[in-house]
Amino acid sequence: MAEQPTNGAGLRGQSAGSTALCTVGKSGSGLTYRGYDIHDLAEYARFEEVAHLLLKGKLPTQAELDAYIDKLKSLRGLPEPLKKALELIPADAHPMDVMRTGASVLGNLETEQSFDEQQEQSDRMLAAFPSIINYWYRYSHDGVRIDTETDDVSIGGHFLHLLHGEPASELHARVMNVSLILYAEHEFNASTFTARVCASTLSDIHSCVTGAIGSLRGPLHGGANEAAMDMIEDWQTPDEAERKILGMLERKEKIMGFGHAIYRESDPRNAIIKQWSKKLSEDVGDDRLYPVSERVEAVMWREKKLFCNADFFHASAYHFMGIPTKLFTPIFVCSRLTGWCAHVFEQRENNRIIRPNADYIGPEKQAWVPIEQRR
Ligand SMILES: CC(=O)SCCNC(=O)CCNC(=O)[C@H](O)C(C)(C)COP(=O)(O)OP(=O)(O)OC[C@H]1O[C@@H](n2cnc3c(N)ncnc32)[C@H](O)[C@@H]1OP(=O)(O)O
Ligand SMILES: O=C([O-])CC(=O)C(=O)O
């Protein structure tokens with residue numbers, strides 16, 4: 001593992017527990033899920049296989065995978081009260097707030113009654129989350145009540161089908177599959193840690209996931225893919241992008257989609273999603289966004305030795321597939337849900353309430369001042 005600052009800020013460099021789910025940056029840049037390298041998973045696996053790996057503890061056999069896919073397909077429908085709740089949320093709401101509310105309402109309607117239900121509840125959320133966000137999006141933006149029970153085999157294809165009202169192309173379904181795999185799990189990141197803290201109080205799984213969605217929403221975490229898109233979308237040429245980035249660095253602004261709390265030299269997911277972004281850019285005949293993104297990457301490395309994290313090239317990749325920017329982070333939710341739930345299971349298996357100490361930096365003991373004497 002690369003050397004980390006240990007002054008305590010952000011708990012950086014400190015172990016907060018153990019996990020059998022994931023290694024991040026173990027040899028400087030690697031990423032594995034239960035021992036499987038991210039490159040192999042992105043190249044050969046279906047997202048549903050990775051979900052099985054994380055949630056059930058092993059890669060499925062073909063028969064197990066077929067059964068799991070069928071099961072997830074059967075769980076895509078939404079209960080009427082949830083649809084009604086989604087219809088009340090205005091079009092200008094942030095989709096991450098919609099996800100948070102959707103998860104919470106589902107938890108009211110299909111409450112986890114005991115931890116024995118954790119697998120079933122996780123599968124249900126995995127199947128239902130794309131339906132939740134797209135049901136709201138299509139109702140609030142297009143005025144249509146979509147049928148969320150499609151026959152698409154993959155969760156990624158299903159997501160795009162609901163969004164665009166037609167089955168996804170093979171290329172788009174493939175890229176969504178890769179994207180969902182890349183985002184699925186990442187050890188004790190902020191949102192996963194949120195889920196584990198919540199789980200450590202023996203709370204229900206919907207509360208753990210709802211809290212995690214709130215943590216993922218911020219631009220320093222999952223919200224960075226949207227923030228990166230907002231940053232680059234108006235830049236017309238690589239030269240303009242370079243000028244703008246240099247200006248931002250001069251003003252000491254954060255450049256979204258760059259840097260990482262754990263990786264020091266590169267994020268292994270970047271090369272993978274970058275390659276798919278390039279393919280998509282050729283597919284749509286783009287001669288602007290991809291070259292702009294590449295220049296931003298080069299300038300950030302040249303000027304600051306800062307590298308793209310998983311989010312940066314996700315921005316252009318999603319954009320090329322016609323996904324509205326504000327739905328980028330909800331897709332991250334649909335994927336990271338697998339990691340969150342697997343961590344909740346792990347926390348529950350060997351639980352102690354998470355409750356660290358704080359270093360007190362406030363005033364020493366003070367004498368009580370009656371209210372009429374205060375100034
Ligand atoms: C899926 C994910 O969640 S990946 C992360 C997504 N988030 C982003 O892309 C947001 C932009 N990036 C960042 O804000 C940070 O790099 C984080 C939040 C990811 C990590 O934060 P930290 O662990 O505190 O970063 P780190 O210790 O490596 O920072 C070192 C220095 O580089 C600077 N730096 C780090 N990232 C950036 C950036 N993207 N732009 C400009 N400067 C940066 C920091 O400000 C810090 O400078 P300082 O020493 O003068 O204060
Ligand atoms: O690990 C982190 O700090 C951020 C994260 O979730 C990721 O990079 O996927």
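Note: hydrogens, waters and symmetry copies are ignored here, and every other heavy atom, side chains too, is used. Atoms within a ligand are numbered from 1 in the order they appear, just like the ligands themselves.
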Are [Y] and [X] an aromatic pair, judged by ring center distance below 6.0 Å?
X: Tyr290; Y: Phe313; result: yes
X: Phe307; Y: Phe258; result: no
X: His172; Y: Tyr318; result: no
X: His314; Y: Tyr183; result: yes

Using heavy-atom distances, let me know which of Arg264, Lys254, Glu253 sits nearest atom 13 (C) of ligand 1.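 It is Lys254 that holds the nearest heavy atom.
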Nearest non-hydrogen contact with atom 5 (C) of ligand 1 belongs to which option: Asn309, Asn225, Asp267, Leu182?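 Shortest heavy-atom distance from atom 5 (C) of ligand 1: Asn309.
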Using distance alone, determine whether [X] and ligand 1 share an N or O pair under 3.5 Å.
X: Ile255; result: yes
X: Tyr183; result: no
X: Asp311; result: no
X: Leu306; result: no
X: Met256; result: no
X: Arg269; result: no
X: Met300; result: no

Which bit of Pro219 gets closer than 4.0 Å to ligand 1, counting heavy atoms only: side chain, backbone, both or neither?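 The answer is the backbone of Pro219.
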Test of understanding: given a 4.0 Å heavy-atom threshold, classify the contact between Arg12 and ligand 1 as side chain, backbone, both, or neither.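 Within the 4.0 Å criterion, Arg12 contacts ligand 1 through side-chain atoms alone.
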CG of Leu31 to CZ of Arg269: how many Å apart, nearest 0.5 Å?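 If we round to the nearest 0.5 Å, Leu31:CG and Arg269:CZ are 6.0 Å apart.
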To the nearest 0.5 Å, tell me how far Ser191 OG sits from Arg196 CZ.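 Between atom OG of Ser191 and atom CZ of Arg196 there are 12.5 Å.
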Take every heavy atom of Glu187, measure it against each atom of ligand 2, and state whether any distance is under 4.0 Å. no
Is it true that Arg124 and Glu117 have a side-chain N and a carboxylate O under 4.0 angstrom from each other? no
Part of Arg269 with heavy atoms under 4.0 Å of ligand 2, whether side chain, backbone, both or neither: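 Within the 4.0 Å criterion, Arg269 contacts ligand 2 through side-chain atoms alone.
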For Thr32 and Arg34, indicate whether the former's side chain and the latter's backbone hold a donor-acceptor pair under 3.5 Å. no
Count the heavy atoms belonging to other residues, nucleotides or ligands that lie under 6.0 Å from CD of Gln373, then report whether that count exceeds 12.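 Buried by this count: over 12 neighbours within 6.0 Å.
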For Phe332, the ligand 1 atoms whose distance to one of its heavy atoms is below 4.0 Å: 1 (C)
